[in-house]
Q: 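Here's a structure for you.
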Amino acid sequence: MDKGRVILHLDLDYFFAQAEEREHPEYAARPVIVCVYTDIERGRGVVSTANYKARAFGVHSGMPIFQAKKLAHGKGAIFLPGNYGLYERLSLGIAEIVMKHGAAFEQSSIDEFFLDISPECNGDYEKAKGIAEKVKKGIIAKYGLTCSIGIGPNKLVAKIASDFKKPGGLTIVLPEKVQKFLDILPVDRIPGIGRKTKEYFDAKGIETVGDLRKTDPTILAEEFGKLMGGWLHNAARGIDESPVGVFEEQKQFSRIKTLREPSRELALIAEEMRVLVKDVVAELENSEVV
DNA sequence: CATCGTCATCGAG
DNA sequence: TTACGCTCGATGACGATG
Ligand SMILES: Nc1ccn([C@H]2C[C@H](O)[C@@H](COP(=O)(O)OP(=O)(O)OP(=O)(O)O)O2)c(=O)n1
């Protein structure tokens, strides 16, 4: 005991696109671009994710489909609508494999998992590496999917580590290496720092986590609020005590839809709204929360 | 003052 | 020529309420 925790974070590689490659092995040699269509005939919408063959041309999540088409033109790219039932089933099956390998388990998104393997490792990161390799093999064996894993002394470091080398990565950050590892990373590798916060830090000349670490916590609290400020101060030091496996009941159930084109036709809008409301109600009823 | 509901903003995946 | 999704969580400001 008293060796500190060992936390593992697993992120499935280019998940939706990899799932499609598994369903359609003949696609795997080509750029695969999974899309959310608002109008499939006209090819309108955005990219949900893309495999690495497509990413090589600059295609990425959130990009408008027309831009992806330009980038991938003449490259034999395959554009597909999402098959969410498939992704849900794979996610569920993979969760079962992952959770077998550690005491505390948590699924943080459709393709991300945390595992607290402290009891199994007792501070030994070689054991942690062995567990990571076993998990990877288990997922490959049953589902043929690859993932990237990060291991560190807490969720923050494990999460950043899993993103450090991908696809197919395994990054282990020993407790005594955490600060060196973090210091040279750009600030927006810290979860919670997105576009706006990065813009703020850019303007202040704060580029790396090392720069952030030198920033006065009082300033951070004033600028981003007490909670976020405190989080940033700690995160820059690799400090994160949050436990793995705390269940949170879902609080929001929502549906939203972009119309094929802007409209003020009440009849059309009302009909769309009926569908959305019905869908929310149905999910609510299936979900134990009333 | 404390708490509540609502709205806006930011972020993740 | 133009075209840019959807779902969910967290937080803070603000006015109403008591
Ligand atoms: N803006 C986004 C980001 C992600 N996703 C979906 C598609 C992804 O496959 C899945 C997981 O998101 P990740 O951020 O983990 O991205 P990927 O797994 O696609 O890629 P990577 O290998 O870089 O993790 O969530 C989405 O619909 N829209």
Side-chain angles (χ1 to χ4, degrees), chain A residues 9-19 33-50 55 58-71 73 79-85 87-88 90-91 94-95 106-114 147-148 155-156 158-160 162-163 166-167 186-202 220-232 235 242 246-262 272-273 275-277 279-280 282-284 286-287 289:
Chain A
H9 181 262
L10 185 154
D11 188 329
L12 268 2
D13 295 325
Y14 58 102
F15 180 45
F16 293 1
Q18 207 191 347
I33 301 171
V34 179
C35 302
V36 184
Y37 286 99
T38 55
D39 183 340
I40 197 156
E41 284 80 25
R42 289 195 288 168
R44 309 284 280 267
V46 304
V47 173
S48 190
T49 196
R55 290 182 196 194
V59 177
H60 61 79
S61 292
M63 173 180 279
I65 291 168
F66 76 91
Q67 279 181 15
K69 286 232 148 95
K70 259 190 228 168
L71 292 172
H73 185 75
F79 289 79
L80 298 167
N83 177 353
Y84 303 100
Y87 315 144
E88 298 277 356
L90 288 169
S91 178
I94 289 163
E106 176 180 331
Q107 178 154 15
S108 54
S109 81
I110 192 161
D111 81 326
E112 293 188 22
F113 311 87
F114 285 102
C147 63
S148 297
K155 289 170 79 173
L156 169 76
K159 163 101 176 131
I160 294 175
S162 72
D163 192 57
K166 63 184 191 184
V187 284
D188 59 359
R189 303 291 272 274
I190 291 176
I193 300 184
R195 186 168 57 87
K196 291 290 188 177
T197 313
K198 179 179 168 11
E199 275 171 24
Y200 170 89
F201 284 132
D202 271 348
L220 293 176
E222 280 167 10
E223 212 62 46
F224 302 106
K226 207 180 154 189
L227 290 170
M228 177 72 165
W231 163 252
L232 293 178
S242 59
V246 179
F247 175 77
E248 301 274 4
E249 190 173 60
Q250 188 175 339
K251 294 173 181 166
Q252 299 180 19
F253 297 80
S254 71
R255 292 294 184 274
I256 164 176
K257 182 176 188 225
T258 300
L259 303 177
R260 297 175 77 257
E261 59 204 13
E272 295 286 355
M273 286 185 63
V275 177
L276 297 176
V277 169
D279 211 31
V280 172
E283 197 195 336
L284 221 39
N286 284 333
S287 77
V289 273

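Since we're looking at a predicted model, the values are computed, not measured.
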Q: Looking for any heavy atom pair under 4.0 Å, which part of the strands does A:Lys226 touch: base, sugar-phosphate only, or nothing?
A: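 Sugar-phosphate contact only.
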Q: Hey, does A:Ile65 reach any base, or is it just sugar-phosphate, or nothing, if we go heavy atoms under 4.0 Å?
A: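 If one applies the 4.0 Å heavy-atom cut-off, A:Ile65 turns out to touch nothing in the nucleic acid.
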Q: Using 30° and 60° as the class limits, which term best fits the ring planes of A:Phe16 and A:Tyr84: parallel, tilted or perpendicular?
A: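 Because their plane-to-plane angle is over 60°, the rings of A:Phe16 and A:Tyr84 count as perpendicular.
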Q: Could you tell me how far apart A:Asp111 (CG) and B:dA12 (P) are, to the nearest whole angstrom?
A: 14 Å
Q: Angle between ring planes, A:Phe201 versus A:Phe224, binned at 30° and 60°: parallel, tilted or perpendicular?
A: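 Aromatic pair A:Phe201/A:Phe224 classed tilted.
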Q: Suppose you measure atom P in B:dA12 against the same atom in C:dC4; what distance do you get, rounded to whole Å?
A: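 B:dA12 and C:dC4 have their P atoms separated by 24 Å.
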Q: Looking only at side chains, do A:Gln107 and A:Ser91 share a donor and an acceptor under 3.5 Å apart?
A: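 A donor-acceptor contact under 3.5 Å links the two side chains.
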Q: Given atom CZ of A:Phe224 and atom C1' of B:dT9, what is their separation to the nearest angstrom?
A: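 A:Phe224 atom CZ is separated from B:dT9 atom C1' by 13 Å.
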Q: If I take atom CZ in residue A:Arg195 and atom C1' in nucleotide B:dG13, what distance separates them, rounded to the nearest angstrom?
A: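 So the CZ-C1' distance, A:Arg195 to B:dG13, works out to 16 Å.
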Q: Do the non-hydrogen side-chain atoms of A:Leu227 and A:Trp231 ever get within less than 4.5 Å of each other?
A: no
Q: Pick base, sugar-phosphate or nothing for A:Thr197, based on heavy-atom distances below 4.0 Å to the nucleic acid.
A: sugar-phosphate
Q: Can you name the side chain to side chain donor-acceptor pair (under 3.5 Å) partners of A:Asp188, sequence neighbours left out?
A: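 Listed in chain order: nothing, the list is empty.
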Q: Quick one: A:Ile160 CD1 to B:dG13 P, roughly how many Å, whole number?
A: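 After rounding, the gap between these two atoms is 11 Å.
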Q: Describe, as an angle rounded to 10 degrees, how the axis at the first end of the helix from B:dC1-C:dG18 to B:dG13-C:dC6 is tilted relative to the axis at the last end, five pairs per end.
A: 10°
Q: Grab the CD-P distance between A:Gln107 and B:dG13 for me, whole Å please.
A: 13 Å
Q: Nearest whole angstrom, please: distance from the C1' of B:dG13 to the OH of A:Tyr87.
A: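 Nearest whole value for this atom pair: 14 Å.
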Q: Got A:Glu199 and A:Lys196 here, is their nearest side-chain heavy-atom distance under 4.5 Å?
A: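 Touching, per the 4.5 Å side-chain cut-off.
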Q: Pick out which of A:Arg260, A:Lys257, A:Arg44 makes a salt bridge (charged side-chain N to carboxylate O under 4.0 Å, His left out) with A:Asp39.
A: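 The residue from A:Arg260, A:Lys257, A:Arg44 that satisfies salt bridge (charged side-chain N to carboxylate O under 4.0 Å, His left out) with A:Asp39 turns out to be A:Arg260.
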Q: Just verifying a value: how many Å separate A:His9 NE2 and A:Glu112 CD, rounded to the nearest 0.5 Å?
A: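 Rounded to the nearest 0.5 Å, the NE2-CD separation comes to 3.5 Å.
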Q: Report the residue (A:Lys257 or A:Glu248) whose heavy-atom-nearest nucleotide on DNA chain C is the more 5′ of the two.
A: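 So the residue in question is A:Lys257.
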Q: So, are A:Lys198 and A:Asp202 salt-bridged, with charged N and O less than 4.0 Å apart?
A: yes
Q: Provide, to the nearest angstrom, the distance between the CG atom belonging to A:Asp163 and the P atom belonging to B:dG11.
A: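 It is 17 Å, rounded to the nearest whole Å.
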Q: For A:Lys159, which contact category applies under a 4.0 Å heavy-atom criterion: base, sugar-phosphate, or nothing?
A: sugar-phosphate
Q: Walking along DNA chain C from 5' to 3', note the first and the last nucleotide with an atom under 4.0 Å from a heavy atom of chain A, and give both.
A: C:dA3 to C:dG12
Q: Rounding to a whole Å, what distance do you find between A:Gln252:CD and B:dT6:C1'?
A: 13 Å
